[in-house]
S.K.: 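Shown below is the structure under consideration.
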Amino acid sequence: QVQLVESGGGLVQPGESLRLSCAASGSIFTIHTMGWYRQAPGKQRELVAQITSGRFTYLSDSVKGRFTISRDNAKNTAYLQMNSLKPEDTAVYYCNAIFDSGSGYWGQGTQVTVSS
């Protein structure tokens with residue numbers, strides 16, 4: 001069984017920063033891809049960022065230039081550095097991990113609220 005533990009969410013004002021962390025544990029296998037999705041009220045869940053075990057990264061157009069994804073493979077931990085936050089970034093952010101077997105796992109989500 002795989003567990004994903006998220007941390008770092010909170011309430012910030014526009015222009016401020018947050019760093020989200022996602023630590024995976026409970027598996028003997030390495031994780032191929034870790035990523036972050038978000039879901040705002042009334043919106044569908046969208047992919048924000050992904051990073052592979054080879055450190056190939058993807059960022060959605062809406063966050064490029066503001067967000068950075070990274071990972072520590074030894075710790076099976078992914079990070080999402082979020083700078084210049086906007087009210088539009090308000091959402092529940094979900095950590096995701098994908099194995100070569102095709103199995104995917106989700107964290108329970110962490111709330112990010114950007115409001116003045």
Side-chain angles (χ1 to χ4, degrees):
Q1 300 291 335
V2 175
Q3 293 180 315
L4 303 179
V5 180
E6 300 153 320
S7 62
L11 172 64
V12 297
Q13 296 184 5
E16 295 184 342
S17 299
L18 285 172
R19 190 182 76 155
L20 305 183
S21 299
C22 174
S25 63
S27 176
I28 192 173
F29 301 106
T30 59
I31 299 171
H32 181 263
T33 301
M34 300 187 74
W36 293 93
Y37 290 70
R38 67 185 182 187
Q39 187 166 21
K43 306 289 186 179
Q44 65 180 356
R45 189 172 299 186
E46 64 174 337
L47 175 63
V48 177
Q50 284 186 320
I51 184 166
T52 70
S53 59
R55 301 179 70 177
F56 177 86
T57 62
Y58 164 85
L59 291 169
S60 68
D61 289 340
S62 63
V63 304
K64 280 184 177 178
R66 300 187 298 120
F67 292 9
T68 302
I69 188 170
S70 61
R71 70 185 289 175
D72 183 334
N73 288 336
K75 296 181 178 180
N76 284 328
T77 300
Y79 306 92
L80 185 67
Q81 179 66 44
M82 305 185 295
N83 298 326
S84 301
L85 283 162
K86 304 175 180 179
E88 306 93 273
D89 297 316
T90 296
V92 177
Y93 284 71
Y94 297 92
C95 180
N96 170 261
I98 302 172
F99 291 81
D100 286 340
S101 66
S103 298
Y105 301 89
W106 294 92
Q108 295 190 51
T110 184
Q111 178 71 47
V112 173
T113 302
V114 185
S115 176
S116 60

S.K.: Let me confirm one number: the CE-CG distance from M34 to D72, rounded to the nearest 0.5 Å.
M.R.: 10.0 Å

S.K.: Are D61 and K64 close enough for a salt bridge, meaning some N to O gap below 4.0 Å?
M.R.: yes

S.K.: Is a side-chain donor or acceptor of T90 paired with a backbone partner of V114 at a separation under 3.5 angstrom?
M.R.: yes

S.K.: Is L4 linked to Y37 within one hydrophobic cluster, defined over Ile, Leu, Val, Met, Phe, Trp and Tyr using a side-chain heavy-atom separation of less than 4.5 Å?
M.R.: no

S.K.: Would you compute the distance between atom SG of C22 and atom CG of N96 and round it to the nearest 0.5 angstrom?
M.R.: 8.5 Å

S.K.: Minimum heavy-atom separation for P14 to S116, with atom names?
M.R.: CD-N, 3.8 Å

S.K.: Taking the side chain as every heavy atom from C-beta outward, state whether E6 and Y93 have any atom pair closer than 4.5 Å.
M.R.: no

S.K.: Please lay out, stage by stage, how I31 and F99 fare under the test side chain to side chain contact (heavy atoms under 4.5 Å, CB included).
M.R.: CA-CA 5 Å; I31 299 171; F99 291 81; 3.5 Å; yes

S.K.: Once rounded to the nearest 0.5 Å, what's the spacing between atom CD1 of I98 and atom OG of S53?
M.R.: 11.5 Å

S.K.: Is any side-chain heavy atom of M82 less than 4.5 Å from a side-chain heavy atom of V63?
M.R.: no

S.K.: If Ile, Leu, Val, Met, Phe, Trp and Tyr residues are connected whenever their side-chain heavy atoms lie under 4.5 Å apart, and connections chain through other members, are Y94 and L59 in the same group?
M.R.: no

S.K.: Determine whether L20 and V12 fall in the same hydrophobic cluster, where Ile, Leu, Val, Met, Phe, Trp and Tyr are linked whenever their side-chain heavy atoms lie under 4.5 Å apart.
M.R.: yes

S.K.: Using side-chain heavy atoms (C-beta onward) and a distance below 4.5 Å, is L85 in contact with F67?
M.R.: yes

S.K.: Just by distance, do the side chain of S103 and the backbone of S101 share a donor-acceptor pair under 3.5 Å?
M.R.: no

S.K.: To the nearest 0.5 Å, what is the distance between CD on Q50 and CD1 on I69?
M.R.: 7.5 Å

S.K.: Given 3.5 Å as the limit, does a donor-acceptor pair link the side chain of Q3 with the main chain of S25, or not?
M.R.: no

S.K.: Under a 4.5 Å cut-off applied to non-hydrogen side-chain atoms, are C95 and W106 in contact?
M.R.: no

S.K.: Minimum heavy-atom separation for Q81 and S17, please, with both atom names.
M.R.: NE2-CB, 4.0 Å

S.K.: Are more than 12 heavy atoms from other residues, nucleotides or ligands located less than 6.0 Å from atom CD of Q108?
M.R.: no

S.K.: State, to 0.1 Å, how close L47 and W36 come at their nearest heavy-atom pair, and which atoms those are.
M.R.: CD1-O, 3.6 Å

S.K.: Can you confirm whether R38 sits close enough to V112 that some side-chain heavy atom of one is under 4.5 Å from a side-chain heavy atom of the other?
M.R.: no

S.K.: Is a side-chain donor or acceptor of R71 paired with a backbone partner of N76 at a separation under 3.5 angstrom?
M.R.: no

S.K.: Just checking, is any N or O donor in the side chain of T113 or S115 under 3.5 Å from an acceptor N or O on the other one?
M.R.: no

